[in-house]
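Keep in mind the model is a prediction, meaning the values are calculated, not measured. Just so you know, residue 1 is the first one in the sequence shown, and it goes up from there.
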Amino acid sequence: MSEAVKRPAMQSLDEALARLLATVKPLGSSETLPTADALGRILAEPVVSLVAVPPADNSSMDGYALCAADVAILGSVLPVAQRVPAGVVGAVHQAGTAARIFTGAQIPVGADAVIMQEQCEVVVGEGLGSVRVNAEVQAGQWIRRRGEDVQDGATVLAAGCRLDAAALGLAASVGAAQLTVACRPRVALFSTGDELQMPGEALKPGAIYNSNRFTLRAMLQGLGCEVIDLGIVPDKLDATRAALREAAAQADLVITSGGVSVGEEDHLRPAVQAEGTLDLWQIAIKPGKPLAFGRVADRAWFIGLPGNPVSSFVTFALLVRPVILRLQGATRLQPRGFMLHADFDWPKADRRREFLRVRINDAGGLDLFPNQSSGVLTSAVWADGLLDNPAGAAIVAGQLVRYLPMTELLI
């Protein structure tokens, strides 16, 4: 076996990921966006509140603000002295009276409790009438205190966090009209192989439709990348080298699928070696295993994924996703796993760490897709997560296993 195709040593997923993350550094570039446009982006600067939330004590109920000491017995009747809707600052509270108040309205100075309107009875009379209180009242009840959510000067969102809908709402609640976020990584994507055709074309004998192009492009977009799609590159060395140079001139990261297994007759490996540097790794996972990592033109990182569609999908989720988050300066790179019961047997242990396509059933256990082949992409559509099964481990029905939701692997 020649040195060029010498089989690299097998390494664990954790070892490979540690090497990737130790090598790839955050890009460090940022931009400022309107808060409403920052969904899915990674914060480059923390969000610090200059206001308290809520800004003043306010009512959490529609009802009446009063002093608890003025309701000594059930059935006490208090004249209604004022009406305080949300957005209005009421007058100073007068002892022995009640103020009609609505959810979110500021508590009048001097009042120390709110009683919900369902526990009161309106007494018609002069002015705003009176109210009969038919329940016990304790000081502080149904009042949301100033700053109980956010204190003045508090950091509400740390740099490196990914902005979801709740985070955008929180930023808006402290008055942040704009957010400084990491720039989108530019990722070039292309496929090599004369057997590949695009959907919509008549399929020639021996050809296949290029599914990986669509899967990987969608996964990249889901992670906030700017995708540079270079399509299908002819299976020739000069064309592959030219595509790599074009990709590196525009992108921070170049991703390909297929042509990274040891001993394959392809032009990708020599093309990357000619245009930069390349390491071939064998990762002890199933599906997956072959991975290429390197640098093109001393500018763009390169990751070559396996060609089988499920292998490409799983390897991207486990190894490429953390790299892309790392490029953006994210602080949480690893997916969260949860322990659930397997509702199936998996008697044949594999020497590699397995990632089985599973789905949560109505009983809260996990069902297994019947065909776990790396070429069966329907398994990834059917599944809502992956079962992370350690190397050498069989599974017995009822056993607790580690479940990785797709929501943790795709965004």
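Under a 3.5 Å cut-off, the side chain of Q250 and the backbone N or O of A247 do not form any donor-acceptor pair. The backbone N or O of G104 lies less than 3.5 Å from no partner atom in the side chain of S59, so there is not a single donor-acceptor pair. A donor-acceptor pair under 3.5 Å links the side-chain atoms of Q141 to the main chain of V114, judged by distance alone. Between the side chain of R162 and the backbone N or O of G40 there is at least one donor-acceptor pair closer than 3.5 Å. Here the side chain of R144 pairs no donor or acceptor atom with the backbone of D57 at under 3.5 angstrom. Checked by atom type and distance alone, the side chain of T215 never pairs as donor or acceptor with a backbone atom of N212 at under 3.5 Å.
For E121, the salt bridge (charged side-chain N to carboxylate O under 4.0 Å, His left out) partners at least two apart in sequence or on another chain are R132. The side chain to side chain contact (heavy atoms under 4.5 Å, CB included) test applied to K25 returns R326, not counting sequence neighbours. By the side chain to side chain contact (heavy atoms under 4.5 Å, CB included) test, S373 pairs with N371, V376, sequence neighbours left out. A171 meets the side chain to side chain contact (heavy atoms under 4.5 Å, CB included) test with T35, L157, A176, L179; sequence neighbours excluded. When the salt bridge (charged side-chain N to carboxylate O under 4.0 Å, His left out) test is applied to D367, no partner is found at least two apart in sequence or on another chain. Residues satisfying the salt bridge (charged side-chain N to carboxylate O under 4.0 Å, His left out) criterion with R213, sequence neighbours excluded, are D229. Applying the salt bridge (charged side-chain N to carboxylate O under 4.0 Å, His left out) criterion to D152, with sequence neighbours excluded, gives R146.
Between the CG atom in D62 and the OG1 atom in T103 there is a gap of 3.5 Å [rounded to 0.5 Å]. Rounding to the nearest 0.5 Å gives a distance of 12.0 Å between CD of Q117 and CD1 of I101. Annotation: the span from L387 atom CG to L404 atom CG amounts to 8.0 Å, rounded to 0.5 Å. Between the CD1 atom of I395 and the CG atom of L400 there is a distance of 11.5 Å, given to the nearest 0.5 Å. Separating the SG atom in C161 from the CD1 atom in I42 is a distance of 7.5 Å, to the nearest 0.5 Å. Between R352 atom CZ and Q282 atom CD the span is 9.0 Å, to the nearest 0.5 Å.
Counting only heavy atoms from C-beta outward, the side chains of I107 and W142 never approach each other to under 4.5 Å. Looking at S257 and L216, their side chains come closer than 4.5 Å, going by heavy atoms from C-beta outward. The shortest side-chain heavy-atom distance between R83 and F102 falls under the 4.5 Å cut-off.
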* To do: Take R241 and H267 through the side-chain contact (heavy atoms from CB on, under 4.5 Å) test and state the conclusion after the steps.
  => CA-CA 9 Å; R241 290 186 64 176; H267 298 293; over 6 Å; no
* **side-chain contact (heavy atoms from CB on, under 4.5 Å) between L20 and W281, intermediate numbers included** => CA-CA 11 Å; L20 285 171; W281 297 353; 3.8 Å; yes
* Kindly determine whether N134 and L74 satisfy side-chain contact (heavy atoms from CB on, under 4.5 Å), including the steps that lead there. => CA-CA 5 Å; N134 296 321; L74 293 181; over 6 Å; no
* For the pair R359 and D384, evaluate salt bridge (Lys or Arg N to Asp or Glu O under 4.0 Å) and give the outcome as yes or no after the intermediate values. => CA-CA 5 Å; R359 184 164 72 183; D384 59 19; 5.7 Å; no
* **Derivation and outcome, side-chain contact (heavy atoms from CB on, under 4.5 Å), residues F344 and V396** => CA-CA 7 Å; F344 60 88; V396 177; over 6 Å; no
Could you pull out all donor-acceptor pairs under 3.5 Å where a side-chain atom in residues 220-227 meets a protein atom, sequence neighbours excluded?
none

Tell me which donor-acceptor pairs under 3.5 Å the side chains of residues 300-314 have, and how far apart each pair is, sequence neighbours excluded?
residue: N308; atom: ND2; partner: S374; partner atom: OG; Å: 3.2
residue: S311; atom: OG; partner: G288; partner atom: N; Å: 3.4

Side chains of residues 334-343: which donor-acceptor partners sit under 3.5 Å, not counting sequence neighbours?
residue: R336; atom: NE; partner: E408; partner atom: OE2; Å: 3.1
residue: R336; atom: NH2; partner: E408; partner atom: OE2; Å: 2.7
residue: D343; atom: OD2; partner: N361; partner atom: ND2; Å: 2.8

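Between P46 and T155 the shortest heavy-atom distance is CB-CG2, 4.0 Å. Heavy atoms only, all atoms of each residue included: P234 and T240 are closest at O-OG1, 3.8 Å. Closest approach of Q197 and A202 over heavy atoms only: NE2-O, 2.8 Å. Between A243 and V233, the shortest heavy-atom contact is CB-CG2, 3.6 Å. Scanning all heavy atoms of the two residues, the minimum distance from D252 to R299 falls at N-NH1, 4.3 Å. Here the shortest heavy-atom pairing between L278 and A292 reads CD1-CB, 3.6 Å.
Among residues at least two apart or in separate chains, ring pair (Phe, Tyr, Trp, His ring centres under 6.0 Å) pairs with a member in residues 357-411 are F369-W382. Within the structure, the side chain to side chain donor-acceptor pair (under 3.5 Å) test picks out the following pairs touching residues 385-401 (sequence neighbours left out): R353-D388, E354-N389, D388-R402.
Between R295 and E275 no salt bridge is recorded (no basic side-chain N to carboxylate O distance below 4.0 Å).
Side chains of N210 and S191: a donor on one and an acceptor on the other come within 3.5 Å. There is no side-chain donor-acceptor pair under 3.5 Å between Q82 and R100.
Each of I411, L410, V320 was evaluated against M219; a single residue qualifies, L410, per the side-chain contact (heavy atoms from CB on, under 4.5 Å) test.
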